[in-house]
Amino acid sequence: MTWHILGAGALGSLWATRLARAGLPVRLILRSAQRLDEYQRAGGLGLRENDNLERFDIPAELPDAPTTIRRLLVACKAYDAEAAVSRVAARLAPGAELLLLQNGLGSQQAIAERWPQARCIFVSSTEGAYRETDFQVLFAGRGQNWLGDPHGGAAPAWLSELDLAGIAQTWSTEILSRLWRKLALNCAINPLTVLHDCRNGELLQHPAQLAVLSEELGRLLVASGQPAAANDLENEVLRVIEATAANYSSMLQDVCLGRRTEIAYLLGHACATAETLGLPTPKLHALHQRLREHLRQRGLPTD
Ligand code: NAD
Ligand code: KPL
């Protein structure tokens, strides 16, 4: 069965090239005739891995192409994902599978609610990739992809295709817990790196701030029905900071490059959930407001 990939950015290209390299059928869906033309002139998708550059001439099409989609990897940013799926919705077969690669939470639920006839598989990825140039991706960090269906059900047989393609995968029966835990880590670390304009490791100079945020996030996870995701959260925040001490967080990189952040699906989602639950989280709200003000001053979207 063909893998349709919606969005040929960093992660979409990383998946598409590895699937194509394994000889699996892949088609890219690009947003406009101009992007399609640029792609064709680039001569396919490039993957740089361990100083080795390979190019793959993967077929590409527009969202309104006539063929049916049975398996779709949605590889857009969280703020683009629902609109991107809506452009191919008429092509989805009944029971089509949508793999949602987005960071944070909120965009996946919006898609799952709007297209209930599809099987939505949520993915939490710790792989790292970025675009070196248009249509050329650098595989910057090996990691793991956890896939799961929040409604339960069996693991799909095509997971073996990911193994064949060398895409590290684990089927998770607790995918929401994983996504909430990652969201909490991102909420404790990323906004502070933006506001202090620092590498992750420098946050160790602000232990009191990290402690109070971890405490509020832990209470939020428990109140949201995800107690396992709250286990030992503060220590995990400190462990991730130490393990990634020399890195700039993805949010700080976005801000420095003048790119829209996924704030609405991270801190925004955390604060909105706390409000819905009637749970007081004053430090998280204050952090959200400071971050939004910081983005506003730089002319970036605040949600
Ligand atoms: P990206 O910006 O590199 O790629 C997104 C692509 O989607 C862009 O090429 C954009 O043009 C395309 N797109 C947007 N709307 C579209 C539409 N309507 N039709 C077709 N294409 C459309 O983003 P990314 O870094 O690949 O991140 C994707 C998601 O994966 C994000 O939620 C991110 O947080 C998450 N993620 C990324 C990484 C990473 O290392 N890059 C790691 C883990 C998670
Ligand atoms: O996932 C991250 C990111 O940069 O987005 C880290 C810093 C590891 C945790 O927030």
Side-chain angles (χ1 to χ4, degrees), residues 4-16 27-36 38-39 45 60-65 72-89 99-108 122-146 179 181-194 198-203 210 213-214 217 236-255 257 259-267:
H4 282 91
I5 313 264
L6 184 57
L11 275 202
S13 302
L14 184 63
W15 281 62
R27 294 189 75 81
L28 298 174
I29 303 177
L30 302 178
R31 64 159 93 206
S32 66
Q34 186 189 331
R35 285 288 287 165
L36 188 55
E38 286 164 0
Y39 172 70
L45 271 189
E61 63 194 30
L62 290 174
D64 62 358
L72 180 71
L73 180 76
V74 183
C76 308
K77 288 279 170 70
Y79 47 75
D80 281 331
E82 184 180 352
V85 173
S86 74
R87 294 190 59 200
V88 298
L99 279 79
L100 306 175
L101 268 182
Q102 288 61 50
N103 208 4
L105 280 165
S107 69
Q108 303 92 329
F122 295 9
V123 186
S124 178
S125 178
T126 58
E127 294 193 309
Y130 61 84
R131 281 183 278 177
E132 285 190 316
T133 59
D134 243 6
F135 305 116
Q136 185 169 309
V137 65
L138 173 76
F139 191 2
R142 296 197 166 275
Q144 183 58 250
N145 296 286
W146 282 273
L179 284 161
R181 176 108 169 157
K182 180 146 190 278
L183 179 147
L185 293 169
N186 286 159
C187 286
I189 299 171
N190 298 14
L192 288 181
T193 63
V194 173
C198 70
R199 291 178 199 262
N200 295 352
E202 290 166 56
L203 293 185
L210 292 171
L213 289 173
S214 301
L217 285 161
E236 179 71 355
V237 168
L238 297 173
R239 191 197 64 74
V240 170
I241 289 176
E242 277 165 17
T244 62
N247 297 1
Y248 291 104
S249 76
S250 55
M251 190 179 270
L252 179 56
Q253 290 180 44
D254 283 341
V255 172
L257 292 169
R259 287 195 303 228
R260 182 173 176 182
T261 69
E262 295 183 303
I263 177 178
Y265 303 88
L266 297 167
L267 204 44

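Counting starts at 1 for both ligands and their atoms, following the listed order.
Of all the heavy atoms of Asn186, the ones lying under 4.0 Å from any atom of ligand 2 are found in both the backbone and the side chain. At a heavy-atom cutoff of 4.0 Å, ligand 1 is contacted by the backbone of Ala8 but not by its side chain. Only the backbone of Ile29 comes within contact range of ligand 1, with a heavy atom under 4.0 Å; no side-chain atom does.
Counting only N and O atoms by type, the side chains of Ser249 and Asn200 include no donor and acceptor under 3.5 Å apart.
Considering only non-hydrogen protein atoms, atom 4 (O) of ligand 1 sits nearest to Gly9 CA, 3.2 Å. Taking atom 5 (C) of ligand 1 as the reference point, the nearest protein heavy-atom neighbour is Ala75 O, 3.5 Å. For atom 3 (C) of ligand 2, the closest non-hydrogen atom of the protein is Ser250 OG, 3.4 Å. Ranking the protein heavy atoms by distance from atom 11 (O) of ligand 1 puts Arg31 NH2, 3.2 Å first. In terms of protein heavy-atom proximity, atom 10 (O) of ligand 2 is nearest to Asn190 OD1, 2.6 Å. Nearest protein heavy-atom neighbour of atom 23 (O) of ligand 1: Lys77 CE, 3.3 Å. Looking only at heavy atoms of the protein, atom 44 (C) of ligand 1 is closest to Leu11 CD1, 3.8 Å. From the protein, the heavy atom lying nearest to atom 21 (N) of ligand 1 is Gly7 CA, 3.5 Å. Summary of contacts: the protein heavy atom closest to atom 8 (C) of ligand 2 is Val240 CG1, 3.8 Å. Atom 22 (C) of ligand 1 has Cys76 SG, 3.8 Å as its closest protein atom, hydrogens excluded (heavy atom only).
Remark: Tyr130 OH is loosely packed, at most 12 non-hydrogen atoms of other residues, nucleotides or ligands lying under 6.0 Å away.
The ligand atoms of ligand 2 that sit less than 4.0 angstrom from a heavy atom of Asn200 are 7 (C). Proximity to Leu101 (heavy-atom distance under 4.0 Å) selects the following atoms of ligand 1: 30 (O), 35 (C). Ligand-side atoms of ligand 2 in range of Ser249: 4 (O), range being under 4.0 angstrom from any heavy atom.
Remark: ligand 2 and Thr244 share no N or O pair separated by less than 3.5 Å (distance only, no angle test). Residue Glu262 has at least one N or O atom closer than 3.5 Å to an N or O atom of ligand 1. On a distance-only criterion, Ser125 and ligand 1 share no N/O pair closer than 3.5 Å. At least one N or O atom of Ala129, backbone or side chain, sits closer than 3.5 Å to an N or O atom of ligand 1. The shortest N or O to N or O distance between Arg131 and ligand 1 is below 3.5 Å. The shortest N/O to N/O separation between Ala84 and ligand 1 does not fall below 3.5 Å.
Contact check on Glu242 versus Arg239 returns no salt bridge, with no Lys/Arg side-chain nitrogen under 4.0 Å from an Asp/Glu carboxylate oxygen.
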